[in-house]
Enquirer: 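Sending over a structure as structure tokens; questions will come in a sec.
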Number of protein chains: 2
Amino acid sequence: MPSAFDKLASTRRHVRSGGPLFSAGDPFGSLYGVQGGFFKTSVVDGEGRWQVTGFYMAGDLLGLDGIGAGRYQLTATALEDSVVAVMPYPPDLQCELHRMLSREIVREHRLMLLLGSMHAEQRLAVFLLNLSRRLQRRGYSPLEFHLRMTRADIGSYLGMTLETVSRLFSRLQEQGILEIRQRRVRLIDIDRLRAIAEPA
Amino acid sequence: MPSAFDKLASTRRHVRSGGPLFSAGDPFGSLYGVQGGFFKTSVVDGEGRWQVTGFYMAGDLLGLDGIGAGRYQLTATALEDSVVAVMPYPPDLQCELHRMLSREIVREHRLMLLLGSMHAEQRLAVFLLNLSRRLQRRGYSPLEFHLRMTRADIGSYLGMTLETVSRLFSRLQEQGILEIRQRRVRLIDIDRLRAIAEPA
DNA sequence: CGCCCAGTTGAAATCCGTCAAAGATGGTGG
DNA sequence: CCACCATCTTTGACGGATTTCAACTGGGCG
């Protein structure tokens with residue numbers, strides 16, 4: 001869903017893998033619609049603690065966090081070479097914007113549910129299924145895909161250490177639920193994965 | 001900060017302690033500005049797992065979660081007898097609304113940082129300091145206040161069990177950092193509390 | 001070809017959840 | 001006014017899931 005937003009793009013911007021689209025503290029100016037590539041957002045507090053709080057792919061909107069304070073509150077980093085549509089704010093997309101904002105909020109509440117009340121294995125299962133669904137919507141294979149992020153990124157996002165992520169992948173592989181080689185994932189038994197994500 | 005929103009209130013509504021302001025699944029119709037009292041919001045997934053995701057007091061806005069899907073996604077429950085300003089949607093508060101939405105999003109990212117990367121004691125310290133600050137802004141004492149929510153609510157919000165919350169309160173009390181009797185809190189050594197919340 | 005970052009795996013420590021029981025509080029009705 | 005009950009809170013013991021620390025492996029890129 002490249003959506004109505006893209007029409008409002010005044011220009012495009014390319015970001016190299018590893019580079020920042022914007023950093024926490026930068027003055028807010030634009031929203032960004034991801035056209036291609038992959039991003040992560042993270043928060044940092046003054047003490048150097050940080051956490052990945054979201055992953056964004058084509059069709060997603062970045063920069064909403066800057067509307068409130070006039071400065072971006074998050075840092076958005078490209079995980080591969082990427083292209084975004086730059087949309088100077090404020091354009092006249094109030095209504096659709098509202099929906100996006102609200103959806104984002106709901107998404108985050110759900111993520112909190114994840115972080116606050118599920119075991120590590122469940123969190124990873126939910127994460128994989130969610131990723132799979134989002135890829136499918138965009139026309140990619142939901143069963144075989146490439147993780148754009150490191151184990152550390154996933155761990156940070158899910159509130160666990162990278163070692164735990166690694167161990168869980170290994171365990172799911174032993175159980176024949178998926179195959180993972182590096183960042184290449186193949187979901188073999190999606191039903192069992194769902195069962196892990198949503199224990200009756 | 002009762003803010004510009006209150007002017008838009010068409011009516012008021014009273015909600016009894018324990019009663020719902022709105023429930024997940026209800027059709028969306030209005031936003032609610034809290035005028036007095038105290039609310040919690042929670043999410044549930046189909047399997048009965050649930051989690052408190054926020055606490056709201058006078059000046060806060062409730063119901064944003066319903067804009068996206070046309071139905072409320074969260075359940076808002078009064079923790080004491082409360083009054084809200086009912087604001088039928090959509091009024092013309094686009095701009096201020098954007099800021100609120102965005103701020104809400106940022107708030108949640110920060111909460112995820114809390115949930116995902118801090119130990120239980122830190123989380124509780126952050127929670128208390130945050131509450132203290134919000135109360136101060138509203139003209140109440142930042143050092144002595146009344147918790148409106150149960151240990152279970154706090155635990156759910158912070159991703160831990162009610163027993164852990166209770167034990168942590170006891171420990172902080174033993175250390176002379178605060179005094180807690182039931183829901184009455186007195187912060188004695190706020191600097192040490194900060195030190196726990198933000199270890200260098 | 002070799003370095004370096006990412007990933008894997010193991011062992012030990014620990015934090016926190018679970019289960020269980022007892023103590024406090026506040027509201028209600030007799 | 002008091003007794004009783006439901007709800008909330010505290011505390012203890014125990015076990016298990018994750019983190020931590022550490023060593024090792026393997027690709028990818030210069």
Enquirer: Return all side-chain donor-acceptor pairs below 3.5 angstrom for residues 173-182 of chain B, not counting sequence neighbours, or 'none' if the list is empty.
Expert:
| from | atom 1 | to | atom 2 | distance (Å) |
| --- | --- | --- | --- | --- |
| B/Gln173 | OE1 | B/Ile180 | N | 2.9 |
| B/Glu179 | OE2 | B/Arg186 | NH2 | 3.0 |

Enquirer: What is the distance, to the nearest angstrom, from the CG atom on A/Leu162 to the P atom on C/dT9?
Expert: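 About 13 Å, once rounded to whole Å.
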Enquirer: Is B/Glu121 side chain donor-acceptor paired with the C/dC16 base, going by distance under 3.5 Å alone?
Expert: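 No pair found.
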Enquirer: Are B/Leu131 and B/Met57 side-chain neighbours, meaning at least one heavy-atom pair lies under 4.5 Å?
Expert: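 Touching, per the 4.5 Å side-chain cut-off.
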Enquirer: What contact category does A/Gly159 fall into here, base, sugar-phosphate, or nothing, at under 4.0 angstrom with non-hydrogen atoms?
Expert: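 It contacts sugar-phosphate atoms only.
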Enquirer: Any base atoms under 4.0 Å from B/Ser166, or only sugar-phosphate, or nothing? Heavy atoms, all strands.
Expert: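 Base, at least one base heavy atom under 4.0 Å.
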Enquirer: With a 4.5 Å cut-off on side-chain heavy atoms, are B/Phe127 and B/Leu114 touching?
Expert: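 They are not in contact (no side-chain heavy atoms under 4.5 Å apart), so the answer is no.
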Enquirer: Take atom NZ of B/Lys40 and atom C1' of D/dC8, then tell me their distance rounded to the nearest Å.
Expert: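 Spelled out: NZ on B/Lys40 to C1' on D/dC8 is 13 Å.
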Enquirer: Take the protein atom CZ of A/Arg184 and the nucleotide atom P of D/dG26, then report the distance between them rounded to whole Å.
Expert: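 So the CZ-P distance, A/Arg184 to D/dG26, works out to 21 Å.
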Enquirer: Answer yes if the side chains of B/Thr41 and B/Thr53 hold a donor-acceptor pair under 3.5 Å, and no otherwise.
Expert: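 A pair is found: one side chain offers a donor N or O, the other an acceptor, under 3.5 Å apart.
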Enquirer: Checking all strands, does A/Thr164 fall into the base, sugar-phosphate, or nothing category for heavy-atom contacts under 4.0 angstrom?
Expert: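 Base, at least one base atom sits under 4.0 Å.
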Enquirer: Measuring to OP1 and OP2 of C/dA6, would you say a side-chain N or O of A/Arg183 lies under 4.0 angstrom away?
Expert: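 Checking A/Arg183 against C/dA6: no side-chain N or O falls below 4.0 Å of OP1 or OP2.
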Enquirer: Under 4.0 Å: is that the gap between some side-chain N or O of A/Thr150 and OP1 or OP2 of C/dC5?
Expert: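 Checking C/dC5 against A/Thr150, no side-chain N or O comes under 4.0 Å of OP1 or OP2.
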Enquirer: Would you call A/Arg171-A/Glu121 a salt bridge at under 4.0 Å N-O?
Expert: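 Answer for the salt bridge query: yes.
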Enquirer: Under 4.0 Å: is that the gap between some side-chain N or O of A/Arg151 and OP1 or OP2 of C/dA6?
Expert: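 The answer is no; no side-chain N or O of A/Arg151 sits under 4.0 Å from OP1 or OP2.
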Enquirer: Can you measure B/Met160 atom CE to C/dT18 atom C1' for me and round it to whole angstrom units?
Expert: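 Between C1' of C/dT18 and CE of B/Met160: 16 Å.
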Enquirer: NA contact type, B/Arg181, heavy-atom cut-off 4.0 Å: base, sugar-phosphate, or nothing?
Expert: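 Since only primed, P, OP1 and OP2 atoms lie under 4.0 Å of B/Arg181, the category is sugar-phosphate.
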Enquirer: Nearest to the side chain of A/Arg167, heavy atoms from C-beta on, is which of D/dT9, C/dA11, D/dT18?
Expert: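 In terms of side-chain proximity for A/Arg167, the closest of D/dT9, C/dA11, D/dT18 is C/dA11.
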Enquirer: Using heavy atoms to find the nearest nucleotide of DNA chain D for B/Val165 and A/Arg123 separately, return the residue whose nucleotide is more 5′.
Expert: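 Between the two, 5'-proximity favours B/Val165.
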Enquirer: Nearest-Å distance, CD (B/Gln122) to P (C/dC15)?
Expert: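 Going from CD in B/Gln122 over to P in C/dC15 covers 12 Å.
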Enquirer: Just how far, in rounded Å, is P of D/dT19 from NE2 of A/His119?
Expert: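 My rounded result for the distance is 12 Å.
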Enquirer: Base, sugar-phosphate alone, or nothing: which one does B/Gln182 contact when heavy atoms must sit under 4.0 Å apart?
Expert: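 Contact class for B/Gln182: sugar-phosphate only.
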Enquirer: Please report the distance, rounded to the nearest Å, between CG in B/Leu115 and P in C/dC15.
Expert: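 Nearest whole value for this atom pair: 19 Å.
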Enquirer: Looking at D/dT9, C/dC16, D/dT20, which one has an atom nearest to any side-chain atom of B/Ala120?
Expert: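 Among the listed nucleotides, the one closest to the side chain of B/Ala120 is C/dC16.
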